[in-house]
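One structure is given below, encoded as structure tokens.
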Amino acid sequence: MNSLYNRDIISIGDLSKDEIQAVLSQAAEYEQRLARGERHALGQVLQNRLLATVFYEPSTRTRLSFESAMNRLGGRVLSVAEAKTSSSAAKGETIYDSGRMLEGYADVIVQRHPAIGSARALADAAGVPVINAGDGAGEHPTQALLDLYTIQREGAGGMQGAQLRALDGLHVAMIGDLKNGRTVHSLSKALSHWKVDLTYVAPPELAMPRDVVSFVTGRGATVHESDKLSDALQSADIVYVTRIQQERFNTVEEYMKYKGVYVVNAAVVAQAKPGVAIMHPLPRVDEIATDVDQLPNAAYFRQARNGVFVRMALLSMVLGAV
Ligand code: NCD
């Protein structure tokens with residue numbers, strides 16, 4: 001049985017390099033099988049299995065790609081899209097109580113919640129595996145897996161190639177609200193299994209949390225920090241752009257200080273290394289101009305699509321079907 005069977009996926013830091021690689025190769029297998037039209041066979045993999053998705057924060061991609069993944073594998077989905085207002089949390093139910101209840105309803109639970117540590121709290125209560133789909137400004141481990149998958153798939157020229165790109169030796173720049181953005185926390189930890197150079201570009205008040213920096217440097221990654229976009233461009237193979245996380249600011253005025261601070265447009269991409277892949281977990285607000293969309297370097301919509309293959313892999317591994 002694969003070592004992710006029956007495991008909670010809370011922090012990407014809990015997964016070994018081998019486990020991450022196993023998810024990525026299972027995702028590649030599912031992508032190829034879908035491309036070959038093996039829909040019927042894939043639809044047998046998780047038959048009679050149930051996934052509950054419980055989202056207390058907005059989501060388009062994460063929830064729908066989990067649900068798409070489960071459906072493609074023949075499983076079924078129970079879903080609370082606006083758990084904050086439409087679930088019993090609005091009546092004061094605790095995460096512990098919802099965990100005790102949900103374990104009776106589903107074989108695996110995917111939760112997004114605004115509080116750091118909420119996924120761990122649910123996992124401690126529920127006797128079925130819990131997958132963290134974002135716990136406030138904490139982590140987003142499944143996004144990190146699909147980001148790694150995308151980095152591997154984006155070959156020279158920014159196009160998806162047949163060859164997988166090696167992760168050792170890569171220079172990855174991350175730009176934006178690195179303090180509050182959970183995707184960059186998880187992606188940094190995931191990348192630190194390989195020999196990577198990381199450049200963090202953020203206003204000083206929104207810098208990468210120190211615990212993430214020490215985690216990755218402790219594993220041997222090189223970190224450069226700056227508040228200038230130009231520093232992210234010089235030699236980066238991947239430019240990973242993120243949104244200023246408006247919902248984590250106390251006031252609109254505070255948010256407005258940073259909104260629009262970095263904008264990557266086609267002219268900016270032209271200054272970067274040829275073949276640079278421009279990634280973004282989405283949704284974007286104004287930090288990537290639409291004139292980038294037409295460039296072969298724009299990887300973000302392919303990145304979103306990759307979420308389905310990676311989540312198919314993860315669900316089938318956690319549920320012990322592979
Ligand atoms: C991200 C998230 O929710 O953290 N979105 C996503 O899952 N693709 C990024 C964001 O909201 O900025």
Side-chain angles (χ1 to χ4, degrees), residues 1-7 9 15 17-51 53 59-77 79 107-108 110 129 131 133 141-167 170 187 190 194 238 275 277-282 293-322:
M1 190 59 71
N2 81 79
S3 68
L4 293 183
Y5 172 55
N6 227 2
R7 285 258 298 273
I9 310 294
L15 269 62
K17 185 174 182 175
D18 283 351
E19 286 165 347
I20 291 177
Q21 280 171 324
V23 175
L24 301 181
S25 49
Q26 185 62 51
E29 185 187 318
Y30 283 142
E31 181 174 5
Q32 286 153 17
R33 290 181 63 185
L34 273 172
R36 287 200 298 265
E38 293 182 30
R39 282 167 180 259
H40 184 76
L42 287 170
Q44 317 289 309
V45 176
L46 290 179
Q47 254 192 5
N48 303 321
R49 298 310 198 75
L50 276 167
L51 161 69
T53 59
S59 167
T60 307
R61 275 150 294 273
T62 304
R63 190 168 63 83
L64 289 186
S65 63
F66 261 115
E67 296 183 0
S68 169
M70 192 65 180
N71 278 292
R72 285 200 188 283
L73 293 172
R76 291 169 185 264
V77 180
S79 181
D107 303 310
V108 55
V110 173
I131 301 178
T142 66
Q143 179 73 39
L145 291 168
L146 80 90
D147 291 343
L148 284 188
Y149 187 75
T150 304
I151 291 172
Q152 286 194 326
R153 296 280 280 107
E154 293 290 315
M159 303 293 282
Q160 280 200 325
Q163 287 298 70
L164 290 186
R165 188 206 301 254
L167 298 174
L170 273 187
L187 177 58
W194 288 268
I238 307 288
I278 309 294
M279 294 175 59
H280 192 305
L282 301 176
D293 299 359
Q294 273 55 260
L295 304 176
N297 317 72
Y300 29 94
F301 294 121
R302 293 190 287 272
Q303 184 182 352
R305 182 168 179 271
N306 289 337
V308 176
F309 316 128
V310 170
R311 290 176 172 127
M312 287 170 78
L314 197 61
L315 287 169
S316 61
M317 292 172 80
V318 164
L319 290 170
V322 289

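Values below: every heavy atom of this structure, side chains too, minus hydrogens, waters and symmetry copies. We number each residue from 1, following the sequence as shown.
Distance check: Asn48 CG to Asp107 CG gives 9.5 Å after rounding to the nearest 0.5 Å. For the atom pair CG (Leu148) and CD (Gln143), the distance works out to 10.5 Å, reported to the nearest 0.5 Å. Tyr30 contributes atom OH, which lies 12.5 Å from atom CD of Gln32 (distance to the nearest 0.5 angstrom). The CD1 atom of Ile278 lies 11.5 Å from the CG atom of Asp293; values are rounded to the nearest 0.5 Å. Atoms CG and CG, from Leu314 and Leu24 in turn, are 10.5 Å apart once rounded to the nearest 0.5 Å. Interatomic distance, OG1 of Thr150 versus CG of Leu145, reported as 10.5 Å (0.5 Å rounding).
Although no hydrogens or angles enter the test, the distance criterion places a donor-acceptor pair under 3.5 Å between the side chain of Gln303 and the main chain of His280. Proximity of a side-chain donor or acceptor of Ser316 to a complementary backbone N or O of Met312 within less than 3.5 Å is detected. Listed for the Asn2 side chain is a donor-acceptor partner under 3.5 Å among the backbone atoms of Met317.
Taking both residues in full, the closest heavy atoms of Ala27 and Ala313 are given as N-CB, 3.6 Å, listed atom of the first, atom of the second, then distance. Considering all non-hydrogen atoms of both residues, Ala69 and Leu315 come closest at CB-CD1, 4.1 Å. Minimum interatomic distance between Val45 and Ala321 (heavy atoms only, all atoms of both residues): O-CB, 3.7 Å. Taking all atoms of both residues into account, the shortest heavy-atom contact from Ser65 to Val308 is CB-CG2, 3.9 Å. Shown here for Leu170 and Arg165, the closest heavy-atom pair between the two residues is CD2-CD, 3.6 Å. Heavy-atom minimum distance, Ser3 versus Glu19: OG-OE2, 2.8 Å.
For Thr62, the side-chain contact (heavy atoms from CB on, under 4.5 Å) partners at least two apart in sequence or on another chain are Phe55, Ser59, Phe66, Arg112, Ala133, His140, Arg311. Residues satisfying the salt bridge (Lys or Arg N to Asp or Glu O under 4.0 Å) test with Arg33, not counting sequence neighbours, are Glu29, Glu38. Take Arg61 and apply the salt bridge (Lys or Arg N to Asp or Glu O under 4.0 Å) test, not counting sequence neighbours, and it matches no residue.
Within the 4.5 Å cutoff, the side chain of Arg39 has heavy atoms near those of the Arg72 side chain. Contact of the Val310 side chain with the Val23 side chain is registered, since non-hydrogen atoms from C-beta on lie closer than 4.5 Å. At least one side-chain heavy atom of Ile20 sits less than 4.5 Å from a side-chain heavy atom of Trp194.
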Requested in this report: Evaluate the side-chain contact (heavy atoms from CB on, under 4.5 Å) criterion for residues Arg49 and Val108: first the C-alpha distance (whole Å), next the side-chain angles of each, then the deciding distance (0.1 Å), finally the verdict.
Outcome: CA-CA 8 Å; Arg49 298 310 198 75; Val108 55; over 6 Å; no
Query - Working for side-chain contact (heavy atoms from CB on, under 4.5 Å), residues Leu164 and Arg153 - result: CA-CA 5 Å; Leu164 290 186; Arg153 296 280 280 107; 3.7 Å; yes
**Report entry** Test log, rule side-chain contact (heavy atoms from CB on, under 4.5 Å), inputs Thr53 and Arg63
**Finding:** CA-CA 7 Å; Thr53 59; Arg63 190 168 63 83; 3.9 Å; yes
Query raised in the report: How far apart are the C-alpha atoms of Met70 and Leu319, what are their side-chain angles, what is the distance that settles it, and do they pass the side-chain contact (heavy atoms from CB on, under 4.5 Å) test?
Result: CA-CA 11 Å; Met70 192 65 180; Leu319 290 170; 4.2 Å; yes
Report task. Would you sort out whether Glu67 and Asn71 count as a side-chain hydrogen bond (donor to acceptor under 3.5 Å, both in side chains), showing the intermediate values? Result -> CA-CA 6 Å; Glu67 296 183 0; Asn71 278 292; 5.9 Å; no
